[in-house]
Amino acid sequence: MARTTAVVQGFLRVGVVGPFLRWRDHLEVTGAHHIPRSGPVVLVANHQAVVDSFLVAIAARRTVVFLAKAEYFTETGLRGRLKQAFFSSVGQIPVDRDGGDAAASALSTAIGVVRSGRAWAVHPEGSRVTGRRVHRGRTGAMRVAIETGAPVVPIALIGTADGRRVWSRRRVTVRVCEPVDTTSMSPSDARTATDLVMRRIADAAGWPYVDEYTPRRSSTRPSPGGRSAA
C-alpha cells in the first residue's frame, strides 16, 4: 500500500492537482528545503481551506500521510468502495474520532506512521479558520513528535481561502519554516512547544495569533475538511 500511495500521490502532485493549483493559485513555495526528503517528520500547517492538505503535499515533495474520519471508509455501495479506494490510495488512514478513546486512537496511529519513517501532516487548529489569523493549536502533533523524536516543520499557508469558485484565480504562498528539534523535549513541553509552532506560523504568514481554539464548525456551518489531533 505504501508503494501505491507514493505512486498515486506523485501522479497527483506532478501530473494533475499540482499543475492545476500552480496555475490557478499563482502558487509560490518558499523554504521547501526545510522538509527532509526522507525519514520521520511531522508537518504542521494552519488551516483555511479544503485545498490546504494538497498544498502541504506539494511543498513536501514526498509521500505525506493524513488521518481521515473513519466514515470516509465505511460508506456502502459502489460510491463507498470508490471513496475508500481513493482515500486509501492517497495515504489517508481511517481513525474513529467518536468516543472517549478517539484522540488516543488518532495519536497511536500517527505515532506508528512517524516511527515507520514517513511524513505525517496535521492541521492543529482542527476546523478551518475564517479570516487572516492563526488560532491556538491542539497539542497532538507535538506529542507525537516528542514521542518519536521527529522534527516538526511549521508551514504557513497564505491566501488559500481567497476566491469563491474552483476556477477563481488567486495568489497562494506556502512558506515552510525551519524545523523544530524535539529530541530534548519531554511530554510536559507539548503545550508550550505547540504555542511556539503556531506563533511561528502566524509570524511567517504575517497574521495575528489568537490564543483561543478555533470555534467548532458546527456552531457556524458544517465542514468536510479540517483535521486535528487531540
Side-chain angles (χ1 to χ4, degrees), residues 2 5-68 87 89-93 110 113-114 117-126 128-129 132 134 137 140-142 144-145 150-163 169-182 194 196-207 225-229:
T5 297
V7 171
V8 173
Q9 277 201 18
F11 175 70
L12 293 175
R13 185 171 62 247
V14 176
V16 182
V17 179
F20 171 71
L21 293 179
R22 291 182 185 280
W23 168 79
R24 186 195 68 178
D25 298 342
H26 300 282
L27 183 62
E28 178 185 8
V29 180
T30 64
H33 61 280
H34 291 309
I35 301 176
R37 298 303 298 272
S38 62
V41 65
V42 176
L43 308 177
V44 174
N46 60 307
H47 192 30
Q48 292 206 316
V50 174
V51 74
D52 292 344
S53 297
F54 289 101
L55 294 171
V56 170
I58 289 172
R61 302 173 297 168
R62 59 180 287 189
T63 305
V64 178
V65 176
F66 295 88
L67 303 185
F87 284 119
S89 67
V90 296
Q92 303 273 4
I93 296 178
V113 167
V114 177
R118 290 181 285 175
W120 174 54
V122 64
H123 301 294
E125 290 168 306
R128 285 175 280 146
V129 175
R132 292 176 173 258
V134 174
M142 292 306 306
V144 170
V152 174
V153 179
I155 301 174
L157 306 175
I158 306 161
T160 62
D162 297 343
R169 303 298 298 275
R170 67 202 79 184
R171 290 193 176 276
V172 171
T173 302
V174 179
R175 291 185 181 142
V176 183
C177 306
E178 293 185 5
V180 175
D181 185 2
T182 65
T194 299
L196 170 68
V197 167
M198 300 309 292
R199 289 181 184 275
R200 187 170 294 183
I201 291 173
D203 290 343
W207 296 348
R227 302 172 181 85
S228 65

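In this chain, numbering begins with 1 at the start of the sequence shown. Quick note: numbers below take in every heavy atom, side chains included, and nothing from hydrogens, waters or symmetry partners.
By the 4.0 Å N-to-carboxylate-O rule, R175 lies too far from D203 to be salt-bridged with it.
Here the CD-CZ distance, from E178 to R200, works out to 7.0 Å after rounding to the nearest 0.5 Å. Atom CG of residue L43 and atom CD1 of residue I155 lie 4.5 Å apart, to the nearest 0.5 angstrom. A distance of 6.5 Å separates CG of D52 from CG of N46, quoted to the nearest 0.5 Å.
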> R128 and V50: side chain to side chain contact (heavy atoms under 4.5 Å, CB included), yes or no, with the steps?
Replying inline: CA-CA 8 Å; R128 285 175 280 146; V50 174; 4.2 Å; yes

>> For a side chain to side chain contact (heavy atoms under 4.5 Å, CB included) check, start with the C-alpha distance between V174 and I58, then their side-chain angles and the critical distance, and finish with the verdict.
In response: CA-CA 10 Å; V174 179; I58 289 172; over 6 Å; no

> Do V144 and V113 pass the side chain to side chain contact (heavy atoms under 4.5 Å, CB included) test, and can you show the C-alpha distance, the side-chain angles, and the key distance before you say yes or no?
Replying inline: CA-CA 10 Å; V144 170; V113 167; over 6 Å; no

>> What verdict does the side chain to side chain contact (heavy atoms under 4.5 Å, CB included) test give for L21 and L55, after you've listed the backbone C-alpha separation in whole Å, the side-chain angles of each residue and the deciding distance to 0.1 Å?
In response: CA-CA 8 Å; L21 293 179; L55 294 171; 3.9 Å; yes

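With R61 contributing its side chain and R37 its backbone, the two residues share no donor-acceptor pair below 3.5 Å. Side chain of R199 to backbone of V134: no donor-acceptor contact under 3.5 angstrom is found. Side chain of R62 to main chain of P36: a donor-acceptor pair is present (N/O by atom type, distance under 3.5 Å, no hydrogens or angles). In this structure, Q48 contributes its side chain and T160 its backbone to no donor-acceptor pair below 3.5 Å. Between the side chain of R169 and the backbone N or O of H26, no donor-acceptor pair lies under 3.5 Å.
The shortest non-hydrogen separation linking A156 to A205 is CB-N, 3.9 Å. Residue P154 comes nearest to I201 through the heavy atom pair CB-CG1, 3.7 Å, listed as atom of the first residue, atom of the second, then distance. Among all heavy-atom pairs drawn from F66 and A121, the shortest one is CE2-CB, 3.3 Å. The nearest pair of heavy atoms linking T194 to G137 is CG2-O, 3.4 Å. Minimum interatomic distance between A145 and T182 (heavy atoms only, all atoms of both residues): O-OG1, 3.3 Å. Counting all heavy atoms, side chain and backbone alike, I158 lies closest to A204 at CD1-O, 4.0 Å.
No side-chain heavy atom of H33 sits under 4.5 Å from any side-chain heavy atom of V176. V51 places a side-chain heavy atom less than 4.5 Å from the side chain of R24.
Remark: R171 CZ is loosely packed, at most 12 non-hydrogen atoms of other residues, nucleotides or ligands lying under 6.0 Å away.
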